[in-house]
Amino acid sequence: MTDSSPFSLEKDALPKHIAIIMDGNGRWAKARGKARISGHRAGALAVRRTVSTAAQLGIQALTLFAFSSENWRRPQDEVDLLMKLFLHALQREVKKLHKHQIKLQIIGDLSNFSPALQKQIAKAQALTANNQGLVLNIAANYGGKWDIVQAAQQLATAVERGELDASQVDESTFAKALCLSDLPDVDLMIRTSGEQRISNFLLWQMAYAELYFTSAFWPDFDEHRFAEAIAWYVNRERRFGCTGEQISQLLTTASE
Ligand code: IPE
Ligand code: IPE
Ligand code: MG
């Protein structure tokens, strides 16, 4: 933000942590008479746009739901194509993310992924681990229930080993065992495509998130729609008369 800005929107009015359920790729493709995979490809472009906007706005953390623990139930062809797309995106985009100081983290049960994908994930995370810009979390084979269970297992193991007393298990020790424990909880959760549910995304971390639903399909989610969602959040939290245009203007000043 610069002083020449015609409005006074402090950076700390913006959400620190935004989580997005990127939904509607299949319906976007269907509406165009195309195969579902073309929707996923268009969705990958929307991911790139969204990451770039979040980074320009100086958002601390962006967590994107890319593949849920339930998505394995989709037809094998689609699962295979999604995995391929994920691998290619990692190979192609990581250098660019690194150049922009973005720290990439993949959250979820990675054990089900192919060795090639696991290797690429480890490489990407190691390369960007010390970056100081946007923290970009991609939730892949992630489920909110899985996260809570794996945290409970960690704590139970620590108790079993005598490293922790059962009476010491409280909200704070539990939260530390969950994914994303090093980040603030989610302030704003966005879901595209008109569905209004959480679909086993971050459960604990979204306990107090503002929930924003838009009917736009994920491939149509652009800078303007993102700005609208953020303005909605700012208005709810701060009761400002903030508009999407004002958020977009922050983008212009950020890139100057
Ligand atoms: C979201 O789009 C992407 C993933 C879940 C991988 P969908 O594939 O769920 O698209 P719809 O909901 O069928 O339109
Ligand atoms: C949620 O979308 C998961 C992702 C965006 C990766 P889905 O389209 O899989 O969710 P449901 O099954 O319709 O709730
Ligand atoms: Mg869907």
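Atoms within a ligand are numbered from 1 in the order they appear, just like the ligands themselves. Numbers for residues simply follow the sequence, beginning at 1.
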In the protein, which heavy atom is nearest to [atom], and how far is it?
atom: atom 10 (O) of ligand 2; value: Arg191 NH2, 3.3 Å
atom: atom 8 (O) of ligand 2; value: Asp23 OD1, 3.1 Å
atom: atom 1 (C) of ligand 2; value: Ile21 CG2, 3.8 Å
atom: atom 2 (O) of ligand 1; value: Asn25 N, 3.1 Å

[X] contact mode with ligand 2 (heavy-atom cut-off under 4.0 Å):
X: Ala139; result: neither
X: Phe67; result: backbone
X: Arg197; result: side chain

Tell me the closest heavy-atom pair linking Ala151 and Leu178, and the distance in Å.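 Taking every non-hydrogen atom into account, CB-CD2, 3.8 Å.
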
Examine the proximity of ligand 1 to [X] and report which part, side chain or backbone, both or neither, has a heavy atom under 4.0 Å away.
X: Arg36; answer: side chain
X: Ala66; answer: backbone
X: His40; answer: side chain

So which N/O/S atom does Asp23 have closest to the Mg ion (ligand 3)? OD1

Residues Asn131, His98; criterion side-chain hydrogen bond (donor to acceptor under 3.5 Å, both in side chains); working and verdict: CA-CA 7 Å; Asn131 286 349; His98 187 46; 3.0 Å; yes

Atom 9 (O) of ligand 1: which of Glu78, Lys30, Arg74 has the nearest heavy atom? Arg74

For ligand 1, which atoms, with element, lie under 4.0 Å from some heavy atom of Asn71? 5 (C)

Could you check whether the rings of Trp146 and Tyr142 sit parallel, tilted or perpendicular, using 30° and 60° as the cut-offs? perpendicular

Between Trp72 and Phe67, what is the ring plane arrangement, given parallel below 30°, perpendicular above 60°, and tilted in between?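 Taking Phe67 first and then Trp72, their aromatic rings stand perpendicular (interplane angle over 60°).
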
Would you say atom 13 (O) of ligand 2 touches the protein, meaning some protein heavy atom is under 4.0 Å from it?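 At least one protein heavy atom is under 4.0 Å away.
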
Within the side chain of [X], is there an N or O that forms a donor-acceptor pair under 3.5 Å with the backbone of [Y]?
X: Glu78; Y: Pro75; value: no
X: Gln125; Y: Ile106; value: yes
X: Glu223; Y: Thr53; value: no

Start with the C-alpha distance between Gln150 and Gln154, add both sets of side-chain angles, then the distance that settles side-chain hydrogen bond (donor to acceptor under 3.5 Å, both in side chains), and finish with yes or no. CA-CA 6 Å; Gln150 69 77 26; Gln154 280 185 50; 2.8 Å; yes

So Asp23 and Arg191, salt bridge (charged side-chain N to carboxylate O under 4.0 Å, His left out) or not? Walk me through it. CA-CA 7 Å; Asp23 198 11; Arg191 182 171 188 149; 2.8 Å; yes

Decide whether an N or O pair under 3.5 Å exists between Gly26 and ligand 1.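 By distance alone, the answer is yes.
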
Please lay out, stage by stage, how Thr214 and Arg225 fare under the test side-chain hydrogen bond (donor to acceptor under 3.5 Å, both in side chains). CA-CA 9 Å; Thr214 166; Arg225 289 191 163 100; 5.0 Å; no

Say you draw a straight line from CG of Asn112 to CG of Asn141; how long is it, rounded to the nearest 0.5 Å?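 Interatomic distance, Asn112 CG to Asn141 CG, rounded to 0.5 Å: 5.0 Å.
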
Show me which atoms of ligand 2 lie under 4.0 Å from any heavy atom of Met22.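 Answer for ligand 2: 5 (C).
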
Under 3.5 Å between any N/O of Ser68 and any N/O of ligand 2: does that happen in this structure? no

Tell me, please: is Gly24 in heavy-atom contact with ligand 1, that is, under 4.0 Å? yes

